[in-house]
Amino acid sequence: WAVDLDRLNYNANQSKLGNLFLGFFEGLFLDGRVRIQEIEALIKWVEQYPEAVNVPHFDNLYQVLVKAAEDPEFLLSRHQEVQASLDTFKNSKYFKEHTGDVQRLHGVLAGLSCDQEYSDNELFALNDWLNQHNYLKDDPIYRELLIALNHVRVLNRVSEDSKEVLKITIGK
C-alpha cells in the first residue's frame, strides 16, 4: 500500500496556499496604498507556487494583479471587488479558523514587508489586525509580533526602533 501523500494532502495544501494568498493581499492593503514593488512581489510569489493556479477563484485575482502591475491605482480602485473575491478563500471547511488565520498572518507579513519599508500606517494597521485576531495569542509568531509592536500598542506611537524591531522579527 503506497499512499500518495500529495493526493492525500491536496485539500490542505490548496487551503494553505489560498490563506497565504489572502494574507499577502491583505498585507498589500494594510496602509491603504499599493505600490508597484508590492504587486511585483506578489506576482513573483505566485510564480514560485505554480500549484496556486489550482486554488479556486485564483485566476480572477491573478488577472487583477496583472492589470495592477501596469497601474497600481487599479488595484486600489477595485479593493472592494478584490476583497469580495478574497473572502471566498476564508470559506475553507478543511481548516479551522485558527489555522487559516495563522497562515493568513504569514501572508500579511509577506505583503507588509515585500517593499522593505514600514510606514507608521502599516504598523498601526498590523497592530489593529493583531487585535482583531487576538484568539491567535497562543501562536509564537503572533506573540513575537505583539512584543515587536509594544510601543505601538502601549504608547500609540511608532518609532524607528519599532520599525527596526518589526523588520528583525519578520526576518526570522
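The structure presented is a predicted model; accordingly, all values stated were derived computationally and were not measured.
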Problem set entry | Same cluster (ILVMFWY, side-chain, under 4.5 Å), Val108 and Tyr135 | yes
Problem set entry | Pi-cation contact, Phe74 with Lys67 (under 6.0 Å, within 45°) | yes
Problem set entry | Under 3.5 Å: donor-acceptor pair, side chain of Arg35, backbone of Asp115 | no
Exercise. Any side-chain heavy atom of Gln116 sitting closer than 4.5 Å to one from Lys167?
Worked result: yes
Exercise. Does some side-chain heavy atom of Leu105 sit less than 4.5 Å from a side-chain heavy atom of Trp129?
Worked result: yes
Exercise. Is any side-chain heavy atom of Ile147 closer than 4.5 Å to a side-chain heavy atom of Glu144?
Worked result: no
Exercise. Between CD of Glu70 and CD1 of Ile36, what distance do you get to the nearest 0.5 Å?
Worked result: 9.0 Å
Exercise. When rounded to the nearest 0.5 angstrom, what is the spacing between NE2 in His106 and CD1 in Ile170?
Worked result: 11.5 Å
Exercise. CG of Leu112 to CZ of Phe24: how many Å apart, nearest 0.5 Å?
Worked result: 10.0 Å
Exercise. Hey, mind stepping through Val102 and Ile141 against side-chain contact (heavy atoms from CB on, under 4.5 Å) and telling me if it holds?
Worked result: CA-CA 9 Å; Val102 168; Ile141 293 170; 5.7 Å; no
Problem set entry | Whether over 12 other heavy atoms sit under 6.0 Å from Arg157 CZ | no
For this session: Give a yes or no answer on whether the side chain of Ser113 reaches the backbone of Leu109 with a donor-acceptor pair at less than 3.5 Å.
Result: yes
For this session: Please check if the side chain of Gln48 supplies one atom and the backbone of Trp45 the other of a donor-acceptor pair under 3.5 Å.
Result: no
Problem set entry | Side chain proximity check, Leu146 to Leu130, heavy atoms < 4.5 angstrom | yes
For this session: Work out which heavy atom in Ala148 is nearest to a heavy atom in Thr169; give both atom names and the distance.
Result: CB-OG1, 3.6 Å
Exercise. Does the pair Asn150 and Ser162 meet the rule for a side-chain contact (heavy atoms from CB on, under 4.5 Å), with working shown?
Worked result: CA-CA 8 Å; Asn150 194 44; Ser162 299; over 6 Å; no
For this session: Would you indicate whether the side-chain heavy atoms of Leu123 and Leu30 approach each other to under 4.5 Å?
Result: no
Problem set entry | Non-hydrogen side-chain atoms of Val165 and Leu149 separated by less than 4.5 Å | no
Problem set entry | Short side-chain to backbone donor-acceptor contact, Asp139 and Tyr142, under 3.5 Å | yes
Problem set entry | Step-by-step salt bridge (Lys or Arg N to Asp or Glu O under 4.0 Å) determination, Glu47 to Lys44 | CA-CA 5 Å; Glu47 290 169 353; Lys44 185 176 179 180; over 6 Å; no
For this session: Please tell me if the side chains of Arg104 and Glu26 come closer than 4.5 Å, counting only heavy atoms from C-beta onward.
Result: yes
Exercise. So how far is it from Gln132 CD to Asp101 CG, rounded to the nearest 0.5 Å?
Worked result: 10.5 Å
Exercise. How far apart are the closest heavy atoms of Val34 and Glu38, and which atoms are they?
Worked result: CA-OE1, 3.5 Å
For this session: Could you give me the CA-CA distance, side-chain angles and deciding distance for Val158 and Tyr118, then say whether side-chain contact (heavy atoms from CB on, under 4.5 Å) is met?
Result: CA-CA 10 Å; Val158 175; Tyr118 302 95; over 6 Å; no
Exercise. Is any side-chain heavy atom of Ser119 less than 4.5 Å from a side-chain heavy atom of Arg33?
Worked result: yes
Exercise. Does His151 NE2 have over 12 foreign heavy atoms under 6.0 Å away?
Worked result: no
